[in-house]
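Written out below as structure tokens is the structure these notes cover.
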Amino acid sequence: MSRLIYADNAATTQMDIAAFEAMKPFLTNEYGNASQPYAFSRKPKKALQDARETIASCIGAAPEEVFFTSGGTESDNWAIKGSALLNAHKRATVTSAFEHHAVLQPCHALERSGYPVAYMWPSREGYITAEILKEYITSQTYLTSVMFANNEIGTIQPIKELCAVAHENGSLFHTDAVQAVGHIPVDVHDLGVDMLSASAHKFNGPKGVGFLYIRSGLKVMPYSDGGAQEFGLRAGTENVAGIVGMAVALKNNCDALEDNTRYVARLESRLVSLLESTDIKYVRNGGANRLPGLLSLSFPGADGEAILHRLDLTGICISTGSACNSKNTEVSHVLQSIRLDDDYAKGTVRISLGKSNTEEDVEAILKALMKIFRA
Ligand code: PLP
């Protein structure tokens with residue numbers, strides 16, 4: 001078997017070893033329940049407090065605005081359903097047609113309960129602009145939810161501007177920042193968002209843990225009813241080890257943000273210039289403001305799934321669309337939303353490079369593509 005080349009960092013990332021080391025004591029000796037008052041629970045309790053402070057400082061929030069969850073899906077569900085049910089007068093949500101299913105499905109659930117949802121179409125370049133939002137938002141909109149960065153094509157949305165439009169129209173603003181946090185600068189107060197979702201495994205933390213930022217003073221329904229954990233809004237014994245790992249991973253990524261971005265952007269340019277030097281016919285999807293390292297490439301007339309499997313045989317992991325979509329042979333809703341021709345959409349793959357990739361990885365990917373296209 002050839003050496004593994006992991007180029008699917010938008011699906012998940014390799015765990016930061018320091019995060020793993022920080023988690024270990026809470027999986028072994030320090031197993032006390034953080035809610036108990038005795039001395040043995042002091043360390044886990046303190047670890048939770050410290051993690052909340054660390055995460056808050058990484059996104060410009062106050063610690064009491066950070067609520068630990070089981071990941072991006074839960075955070076999105078909580079933000080969308082938890083704010084809808086508290087609004088007796090306004091019932092409408094505005095979101096985009098190219099959100100992750102973790103946003104689209106709770107929106108569909110709201111629709112089944114009689115709450116109308118409008119789905120904005122992005123521009124062909126993959127952006128929801130302030131002008132687009134103005135066409136959809138009404139005085140009945142209580143929540144606007146637009147993802148920070150798209151997980152299939154990587155386009156970064158103008159969140160600050162969108163948030164301002166939402167607020168001018170009396171709507172709350174939520175952003176699914178699962179692909180952004182830990183990869184590009186995110187400051188909740190500068191952006192003005194009311195809620196923001198994040199997931200640890202996308203920024204080199206453990207799987208099954210994430211957080212929802214909820215602006216201080218904003219009322220949302222509890223995600224779960226039971227114990228008093230998470231300020232009484234999300235009952236259930238805390239995943240102390242996971243939360244500790246998430247905080248270390250986020251801090252490390254945020255501390256090295258500029259270096260990581262520069263490094264990954266260099267790998268990305270190398271791959272693009274190598275591709276350009278061949279006669280392989282392709283287009284790159286999404287406009288210029290994109291996540292570093294994420295390339296959505298469409299090879300007209302080709303089959304994205306076949307490319308994925310051919311690369312897999314040489315030990316290269318890439319994706320045809322979002323991870324959660326990879327069993328679905330239909331054209332992804334994201335590519336449909338940017339009106340990509342079917343011929344291109346079916347031949348689309350996502351290569352997402354990360355800080356653990358190397359120039360050799362990029363060269364191996366190019367070589368494998370050249371074999372497929374015999375360029
Ligand atoms: N939102 C986006 C944009 C994502 O890319 C993902 C994961 O692929 C999720 C939400 C779901 O996050 P999690 O895997 O932590 O549930």
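Order of listing sets the numbers, starting from 1, for every ligand and every atom in it.
Contact atoms of ligand 1 toward Asp76: 1 (N), 10 (C) (distance under 4.0 Å to a heavy atom of the residue). For ligand 1 and Thr73, the ligand atoms under 4.0 Å from any heavy atom of the residue are 11 (C), 12 (O), 13 (P), 16 (O). Below 4.0 Å from some heavy atom of Ser199 lie the following atoms of ligand 1, by number and element: 13 (P), 15 (O). Remark: ligand 1 atoms within the under-4.0 Å shell around heavy atoms of Met147 are 3 (C). Using a 4.0 Å cut-off to heavy atoms of Asn151, the atoms of ligand 1 that qualify are 3 (C), 5 (O).
Contacts between Val103 and ligand 1, counted as non-hydrogen atom pairs separated by less than 4.0 Å, are absent for every part of the residue. If you look at Glu99 next to ligand 1, there are no close heavy atoms at all, none under 4.0 Å. With a heavy-atom cut-off of 4.0 Å, Glu74 does not touch ligand 1 at all. Only side-chain heavy atoms of Asp176 come within less than 4.0 Å of ligand 1; its backbone N, CA, C and O stay farther off. Heavy atoms of Lys207 found under 4.0 angstrom from ligand 1: none, in either backbone or side chain.
For the 3.5 Å distance criterion, the side chains of His108 and Glu111 qualify, holding a donor opposite an acceptor. Between the side chains of Asp76 and Ser197, a donor-acceptor pair is found at a separation under 3.5 Å. Checking Thr348 against Ser298 by side-chain atom types alone, a donor-acceptor pair falls below 3.5 Å.
When only interatomic distances are considered, the shortest N/O to N/O separation between Gly71 and ligand 1 does not fall below 3.5 Å.
Other residues, nucleotides and ligands contribute over 12 non-hydrogen atoms within 6.0 Å of the CD atom of Gln36.
In this structure, Phe211 and Phe203 have tilted ring planes: the angle between them lies in the 30° to 60° band.
Partner of Asn253 under the side chain to side chain donor-acceptor pair (under 3.5 Å) criterion, out of Lys355, Lys202, His183: Lys355 alone.
Residue contacts with ligand 1 include His201, since one of its heavy atoms falls under 4.0 Å from the ligand.
Annotation: side chain of Trp78 is in contact with side chain of Ile214 (closest heavy-atom distance under 4.5 Å). Looking only at side-chain heavy atoms (C-beta outward), Glu268 and Tyr263 stay at 4.5 Å or farther from each other.
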